[in-house]
A.B. asks: 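Quick one: the structure is below, and I'll ask about it shortly.
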Amino acid sequence: MINREMIDASNLVAGVDKAFWIILSISFLFLIGLTIVMLYFVYKYNKKRHPKAVQIDGSVKLEIIWTGIPLILVMLMFYYGWKGYKPVTGPAPDGAMEITAVARMWNFQFQYENGKRTDTLYIPKDRPVKLNLKALDVIHGLSIPAFRVKSDMVPGRKDHSTWFIPQKEGKFDLFCTEYCGLNHSYMYTAAVVMPQEKFDKWYKDKSAAPVADKAAKPGAQGLALLQKTGCVACHSFNGTKLIGPTFKGIYGAKHVVKRGKEEVEITVDDEYIRKSIMDPNAEIVKGYKKGLMLSYKEQLTDKDVDLIIEYLKTLK
Amino acid sequence: MNQEVSFYEVKKYKTGILNWILSTDHKRIGLLYLYSILAFFIVGVCLGLAMKLELIAPGKTIMEAQTYNAVFTFHGIIMIFLIIIPGLPAVFGNFLLPIMIGAKDVAFPKLNLLSWWIYVLGAVVALMSQFMGDGPPDTGWTFYAPYSFKTSTTMLPAIIGAFILGFSSILTGLNFIVTIHRMRAPGMTWLKMPLFPWSLYATGWIQLLSTPIVGITLLMVVAERTMNIGFFDPALGGDPVLYQHLFWIYSHPAVYIMILPAMGTISEIIPTFSQKTIFGYKAVVASTLLIAFVGYFVWGHHMYTAGMSDTAVWLFSLMTFLVAIPSAVKVFNWIATMYKGSINLKVPLYWALGFLFLFMVGGLTGLVLGAVATDVQVHDTAFVVAHFHFVMFGGVGTAFFGAMHYWFPKMYGKMYDESWAKVGFYTFIVGFLLLYMPMFWLGMYGMPRRYYDYLEQFHGGNIISSFGALVLVAGLAIIIINLVTSARKGKKAEKDPWHGKTLEWQVDSPPTLENFDTIPVVEKGPYEY
Ligand SMILES: [Cu+2]
Ligand SMILES: [Cu+2]
């Protein structure tokens with residue numbers, strides 16, 4: 001439909017684009033035809049040329065014709081609309097690659113069956129991919145326009161999924177389409193389609209650390225984790241107050257937090273940071289709102305948290 | 001009372017303003033609504049323009065993301081709840097319905113005044129959310145759960161405001177239904193009633209039957225936010241999709257609350273300026289009632305991607321296509337009305353033709369949204385935004401301006417300036433197309449809606465769109481300034497400047513307090529030339 005390069009990027013493209021063509025071309029014909037007739041009448045029967053109107057009450061025959069023909073046409077559109085969607089109704093075929101997509105304010109995480117976790121969707125070409133859709137906080141949407149795939153990610157839903165077969169190698173935009181607050185427009189990533197062998201190699205490569213350059217500055221891996229997990233959407237490094245408190249000078253600082261109803265002063269140490277990440281709503285930093293940051297138990301391991309702490313220490 | 005003077009001259013109170021805000025005269029109440037709506041409209045347009053300027057380039061242009069989110073929320077709340085829902089019925093329905101059916105006033109004049117006051121109260125409460133607490137609401141006008149529980153911005157006044165506004169709408173609907181049932185002039189049988197009152201009748205029923213649903217839904221949100229009762233928030237055991245169902249069970253029929261009176265207006269303008277009876281009167285009436293009825297069963301087309309069952313998706317898609325038919329029938333009848341007419345090409349007819357074109361684009365792109373496969377591609381993208389602006393602004397908006405020019409002589413006893421009105425019209429249409437057409441393309445390419453920032457590939461379309469917004473606003477300014485100056489200084493209007501046949505053209509311009517010296521007896525159909 002819209003972009004030559006996009007053609008057949010997934011098994012849905014053909015059906016969806018056919019529906020687009022049918023609906024848009026019939027619509028276009030009607031629009032142009034009726035507009036021309038309308039303007040022609042305005043010209044032809046202008047009172048200068050046609051001073052006396054001919055009174056016509058109506059015509060049952062015409063009413064039947066212009067109810068009947070559009071009815072047939074819209075049923076045609078309905079049919080192709082349904083047909084284009086049909087391939088993804090019902091369960092995913094056996095042998096589909098199962099990936100769990102987890103959305104939270106404001107990033108995606110993709111969890112593979114072997115424990116691999118990424119912020120970009122890596123998938124093999126020509127093999128059905130089943131995405132289990134989860135949202136942790138509010139409704140998000142997962143949309144890959146090139147694949148004609150879109151589904152809402154609704155918090156609280158356990159078994160919501162969608163599936164498709166990527167058919168073209170390359171990197172495709174993946175957007176959050178359901179408005180989800182402040183950084184909704186920055187909640188996007190990519191779907192990367194690779195040939196099966198290349199994908200297998202990537203999939204098995206356990207060594208792949210969060211950052212390529214391990215010899216970098218102390219805490220570099222922690223920084224990469226903060227960026228990849230999406231913490232930076234709410235926490236700044238430069239002292240600016242975003243949704244959450246800044247990380248600047250956080251380690252060793254004294255903060256007032258609310259624990260239930262009482263307010264206590266604490267010193268930020270390893271223990272506190274670990275708790276802030278794994279159980280953020282037990283203690284709320286004064287001046288911030290409860291319930292915005294959710295636990296990262298599912299996303300981060302203890303080792304990840306160590307790496308993050310190591311990095312936070314460097315932010316003086 | 002002196003029957004010769006216009007209703008403007010009849011004054012009960014010494015202080016001028018009291019004669020307005022305490023008046024139970026349907027004409028003054030109609031004008032009260034007009035001025036309130038105009039004030040809000042100017043605010044809503046400025047907010048819309050601000051969004052378009054922000055989007056003229058990627059990255060921050062004139063405001064922060066949080067401000068942008070608050071701006072589109074406020075824009076939506078104003079435009080939907082304060083302007084288009086009351087819109088044509090509250091302004092032109094109030095002013096003209098009693099006159100068009102040969103009555104002295106509506107059935108319950110005091111209730112009528114009360115609904116204006118409730119409207120003002122609801123508006124004030126909703127506006128308070130902008131200035132109270134932790135900042136203006138940022139959920140979008142749909143208040144989707146659970147985001148509307150998570151956000152720290154001031155939600156309650158906005159929601160309670162919308163709740164209160166619902167009552168105003170219910171009372172107006174009720175009043176019109178009873179007025180139409182009880183107060184038609186002798187001889188005006190149902191099938192001799194003009195089409196604008198018919199559309200108000202159908203609208204009245206939707207207002208009466210579906211507004212309570214959104215009322216309850218909004219109360220549930222309030223209960224959930226204040227008392228932690230889990231209806232919609234999964235964190236409390238609720239279901240966010242239930243909220244969407246309840247919201248759209250009202251808000252889809254609400255689309256017809258907005259569009260039916262617009263269609264009614266067009267059904268008045270076209271016969272008058274063709275000097276010809278409407279083609280297929282009965283078909284037009286039947287399609288009005290059918291739209292109102294079938295419109296109740298299509299709400300699910302807003303939720304194809306929300307995870308409904310496939311059967312539900314199938315059924316809602318089918319129903320959506322069926323509701324397209326009566327709208328198409330109307331378009332055919334309007335065009336057929338012009339056939340062999342004697343067309344007097346004046347500004348109200350310009351607007352009616354503008355309506356037809358823009359509404360056709362809106363309706364036909366609605367088919368893309370009704371079909372499942374294509375809807376999934378463009379749902380929650382700029383395409384949807386373009387579609388509903390074509391229907392709401394291109395449809396209801398142009399019908400409103402058409403009505404404004406058509407009944408202007410009746411309301412003010414003055415004529416507007418013809419050439420400025422045409423300049424305004426053309427500027428509006430050009431701006432409108434530039435503004436909204438590119439958004440169809442952006443949406444098909446995948447640009448999500450409610451987007452503060454966007455990727456480089458969406459830049460081109462957004463530049464055109466933002467430029468169109470500037471042209472559109474210039475057009476609006478010309479139209480409004482022309483009408484305001486004409487109301488003060490225009491040439492005096494006759495009783496019946498367009499040679500109309502409906503009853504409002506038999507009374508003085510502007511009408512006297514009781515509209516008619518003697519109640520007319522109706523013998524002919526509404527458009528018999
Ligand atoms: Cu989002
Ligand atoms: Cu709808």
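Chain A is the first sequence line, chain B the second, and so forth, proteins listed ahead of strands; every chain is numbered from 1. Here the structure is a predicted model, which means the values were calculated and not measured.
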A.B. asks: Ring centroid separation for B:F279 and A:W66, is it under 6.0 angstrom?
C.D. replies: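 Yes.
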A.B. asks: How about B:F72 and A:Y179: are their ring centres within less than 6.0 Å of each other?
C.D. replies: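 Ring centroids of B:F72 and A:Y179 are less than 6.0 Å from each other.
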A.B. asks: Below 4.5 Å from any heavy atom of chain B, which atoms of A:F147 appear? Answer side chain, backbone, both or neither.
C.D. replies: neither
A.B. asks: Please report the shortest heavy-atom distance between B:P240 and A:I139, naming the atom on each side.
C.D. replies: CB-CD1, 4.0 Å
A.B. asks: Chain B heavy atoms under 4.5 Å from A:E178: which part of the residue, side chain, backbone, both or neither?
C.D. replies: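 Answer is both: backbone and side chain atoms of A:E178 are under 4.5 Å from chain B.
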A.B. asks: Less than 4.5 Å to any heavy atom of chain A: does that hold for the side chain of B:Y281, its backbone, both, or neither?
C.D. replies: backbone
A.B. asks: Given a strict heavy-atom distance threshold of 4.5 Å, which part of B:V331 is in contact with chain A: side chain, backbone, both, or neither?
C.D. replies: side chain
A.B. asks: Which heavy atom in B:K150 sits nearest to a heavy atom in A:D137, and how many Å separate them?
C.D. replies: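 What the structure gives for the nearest pair is CE-O, 3.8 Å.
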A.B. asks: Check whether A:K150 gets within reach of chain B through its side chain, its backbone, both or neither, counting any heavy atom under 4.5 Å.
C.D. replies: both
A.B. asks: When rounded to the nearest 0.5 angstrom, what distance separates OH in B:Y445 from CG in A:D173?
C.D. replies: 12.5 Å
A.B. asks: Using the ring of each side chain (for Trp, its six-membered ring), is A:F41 parallel, tilted or perpendicular to B:Y339, with breaks at 30° and 60°?
C.D. replies: tilted
A.B. asks: Drop me the distance from B:M338's CE to A:Y45's OH, to the nearest 0.5 angstrom.
C.D. replies: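 Taking CE in B:M338 and OH in A:Y45, the distance rounds to 11.5 Å.
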A.B. asks: What part of B:T337 is in contact with chain A, defined as an atom under 4.5 angstrom from a non-hydrogen atom: side chain, backbone, both or neither?
C.D. replies: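 Interface part for B:T337: neither.
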A.B. asks: Which distance, rounded to the nearest 0.5 Å, do you find between the NE2 of A:H184 and the CG of B:N69?
C.D. replies: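 With rounding to 0.5 Å, NE2 (A:H184) is 8.5 Å from CG (B:N69).
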A.B. asks: Examine whether an atom of B:T151 lies under 4.5 Å from a heavy atom of chain A, and if so say whether it belongs to the side chain, the backbone or both; otherwise answer neither.
C.D. replies: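 The backbone, not the side chain.
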A.B. asks: Tell me, for B:S274 versus chain A, whether the close heavy atoms (under 4.5 Å) come from the side chain, the backbone, both or neither.
C.D. replies: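 Answer is backbone: N, CA, C or O of B:S274 sit under 4.5 Å from chain A.
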A.B. asks: Checking B:Q457 against chain A: side chain, backbone, both or neither under 4.5 Å from a heavy atom?
C.D. replies: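 It is the side chain, since no backbone atom gets that close.
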A.B. asks: Which atoms of A:L34 are under 4.5 Å from chain B, going by heavy atoms: the side chain, the backbone, both sets, or neither?
C.D. replies: both
A.B. asks: Is it true that a side-chain atom of A:H50 and a backbone atom of B:G341 form a donor plus acceptor pair closer than 3.5 Å?
C.D. replies: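 A pair under 3.5 Å: yes.
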A.B. asks: What option among B:V329, B:I278, B:L318 has the most heavy-atom pairs under 4.5 Å with chain A?
C.D. replies: B:L318
A.B. asks: How long is the gap from CG on A:L71 to CD1 on B:I325, to the nearest 0.5 Å?
C.D. replies: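 Taking CG in A:L71 and CD1 in B:I325, the distance rounds to 4.5 Å.
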A.B. asks: Rounded to the nearest 0.5 Å, what separates atom CG in B:L367 from atom CD1 in A:I22?
C.D. replies: 13.0 Å
A.B. asks: Please flag which part of B:A235 lies under 4.5 Å from any non-hydrogen atom of chain A: side chain, backbone, both or neither.
C.D. replies: neither
